[in-house]
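The block underneath contains the structure these notes are about, expressed in structure tokens.
Since the structure is predicted, the reported quantities are computational estimates derived from the model, not experimental observations. Letters go in sequence order (proteins before strands), and every chain restarts at 1.
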Amino acid sequence: MPLDNYNNLGSLVEPERVHKACYADEQIFEKELENIFYKSWIYIGHESQVPNPGDYWTTWVGRERMIICRDEDGKVHVLYNRCPHRGTLICNNLHGNAPKAFRCPYHAWQFNMDGSLRNVPMKQGYEGIVDLTDPQLQMKRAERQETYRGFVFASLSSEGPSLDEWLGKGARAAFDDICNRSPEGECEIVMNCFRIIQHSNWKIFLENQLDAVHPSITHHSTGDAAAQEQKIYKQKTGEDPPMGYQFLADFTLPYEKWDSLDTIGHPYGHTVLAGYMGLRPKDPITVSHEEALTKAYGAERMNAILSTNVHHVLVYPCLSVQPPLQQLRAVRPLAANKTLTEIWHFRLKGAPEGIYERSLAYYYHVNSPSTMVNADDLNNFRACQDGLSLDGGGDWVSFHRNYGQDPVENGITTSVTGMSEQPMRNMFSSWKEYMSV
Amino acid sequence: MSNRTGLVTSADMQREVEQLLYHQAEVLDERRWEEWLNLFTEDGVYWMPASADQQTGEGQPNIFYEDHYLMDMRIRRVEHPYAHSQAAGHRTSHVVSNVMIKNEDQASHELVVTSRFHMVEYRLDDLRHFGGKYTHTLIKLDDTYKIKLQRVDLTNVEGPFDFVMQVWL
Ligand code: FES
Ligand SMILES: [Fe+2]
């Protein structure tokens, strides 16, 4: 079907099915950038990513290239990575330290970390023509910048809800749950970013994160292999295998288990999957974590913190967070069929080393460039995108599973079963709101 | 010993080491996994750091960091009938060169050998290129060299990676 409905996006999204153009059409992708990625809040990075003055990392908001950096007074800034002179990219490396100032490689204009112009060679050429403090000669700052518990967001729109309001209770929980697990109430980023390109639309990834039907099918081979290896390990060494094997073996949990999970849909498309991993066994690591938290907060609060049971929080449209394992994947849409993911993990300040090792094991097995888990997801995403890009063979994507059964209360949607396609419906209802403006 | 030139060792030793590296490339390209695994000592490790300046794989992020068990699991996984992402025709071709013996420890019979590799991979009508440096720590057991540690420094270690890597490079 040729797309003549571009100006009538409503007709592309029905409550229980959406048109394939939402994933494959470049014009719709452009409108997504404009209406979603340049309007909402986008995760830029964590404050601990730029610990020293002059430190910077570069990243993306839609197709805009951005810098997060720290100035000499310790303030963190988010800037457009663009020289006001002739438009050159200022930071051409992924990350680094700019001692004292950013220096444009073309004509050496220098900028402070807040974007203000610090120096220009041969200034006399501008005398009486333009004032060097003129904002048009500064590196532009993100229209808005706000931080929640160390997680820095930017919005390229000067209007809209505050970060706090936009995150709401549902998405704030992702960051609260990470930080609260630290006896100091803070986390610290591990300075390593795995960057993986998905050959698929950004929404396919987000939908997959809350798709409880797929794990035991998509990841069957890896789950099987891990369970086999656990036995071999035990037989040969007489010891319990490292926890990484269990992370993988869990992917082949029976359907009933996946069906017992909860998914919760919040305003603005933020969506939560309640946890399944049982990360509170009575092993020595968990026990020492309990002790550290009890010492810091008392037993009651420790219990409340460690019983928090979220597995994934999608901060729509830009993040997938796994708080109990201290990881996140930032979503950077580059084209309708191309998405960059930036994958990070965190240390909990003051928590036992074993808690970090758990996070690291998951980072390795599920999120590294050698992962035997996401390998199969990436293959599905690619195949999905390729299928959706075909002209024939049908026009619609089905989200019928448990449609009409989603309980709604105070704007919060829950699901009747873990396998319900309620999360996809929830995300698309926000998508439609963003896109209809 | 000199880091710049490598050791001047006997031609036999150089040849023996080279043959091992060529053989390793061949079993990988021919997916002879059990033979691959048998090239390593019982406590052998395959390690691809996540950054060039990494001194150890312990306690920090890596791209690959696998002992005998994890390598065995990876073999089970790629050969599993439901490993759908691995089902499409998948072929690789490795070339190993610039083989230099950098250190020989007479007491422990260990060698440190560096080399360069280039690999092309075909899948889904597409070619991917990988290149980089191998650093093998070899030990002579029962008259044959075995791999105690294989460090793989990928040239494009920062990525971004298209898809991910499923078998060893
Ligand atoms: S383009 Fe940046 S100084 Fe000229
Ligand atoms: Fe998956």
Problem - Segment of A:T218 engaging chain B (4.5 angstrom heavy-atom cut-off) - result: both
Problem - Whether over 12 other heavy atoms sit under 6.0 Å from A:K203 NZ - result: yes
Exercise for the section: Please examine the side chains of A:I232 and B:D72, heavy atoms only from C-beta on, and report whether any two atoms are closer than 4.5 Å. Expected result: yes
Completion exercise
Scanning both residues in full, the closest heavy-atom pair of A:P369 with B:V164 reads O-CB, 3.1 Å
Problem - Region of A:N192 that comes under 4.5 Å of a non-hydrogen atom in chain B - result: side chain
Problem - Over 12 foreign heavy atoms within 6.0 Å of CZ, B:R32 - result: yes
Fill in the blank from the handout: Heavy-atom closest pair (A:Y364 atom, B:N62 atom, distance to 0.1 Å) is CD1-O, 3.5 Å
Completion exercise
Honestly, the part of A:I196 sitting under 4.5 Å from a heavy atom of chain B is both
Fill in the blank from the handout: Most contact-rich option vs chain B, by heavy-atom pairs under 4.5 angstrom, among A:Q198, A:H365, A:H199, is A:H199
Problem - Selection from B:R76, B:E79, B:H84 maximising heavy-atom pairs under 4.5 Å formed with chain A - result: B:H84
Problem - Heavy-atom proximity to chain B below 4.5 Å, by part of A:H345 - result: side chain
Problem - chain B contact residues among residues 378-389 of chain A, heavy-atom distance under 4.5 Å - result: A:L378, A:N379, A:N380, A:R382
Exercise for the section: Identify which of A:Y356, A:Y233, A:F194 forms the greatest number of heavy-atom pairs closer than 4.5 Å to chain B. Expected result: A:Y233
Exercise for the section: Compare all side-chain heavy atoms of B:L70 with those of A:M372 and state whether any distance is below 4.5 angstrom. Expected result: no
Completion exercise
Counting heavy-atom pairs under 4.5 angstrom with chain B, the leader among A:S368, A:A375, A:S370, A:A225 is A:S370
Exercise for the section: Please say whether more than 12 non-hydrogen atoms of neighbouring residues, nucleotides or ligands are located less than 6.0 Å from NZ in A:K231. Expected result: no
Problem - Heavy-atom contact with chain B under 4.5 Å, split by part of A:Q228 - result: side chain
Practice task
With a 4.5 Å heavy-atom cut-off (strictly below), which parts of residues 107-136 of chain B touch chain A? List them by number.
Solution key: B:R123, B:L124
Exercise for the section: For each of B:R77, B:Q60, B:H80, tally heavy-atom pairs with chain A at distances under 4.5 Å, and name the one with the top tally. Expected result: B:R77
Handout entry: Rounded distance [0.5 Å steps], CD in B:E58 versus CG in A:L360
Key = 9.0 Å
Exercise for the section: Find out whether A:D224 and B:Y82 are in side-chain contact, i.e. whether some heavy atom of one side chain is under 4.5 Å from a heavy atom of the other. Expected result: no
Handout entry: For A:E229, the option from B:R74, B:M71, B:M73 that meets side-chain contact (heavy atoms from CB on, under 4.5 Å)
Key = B:M73
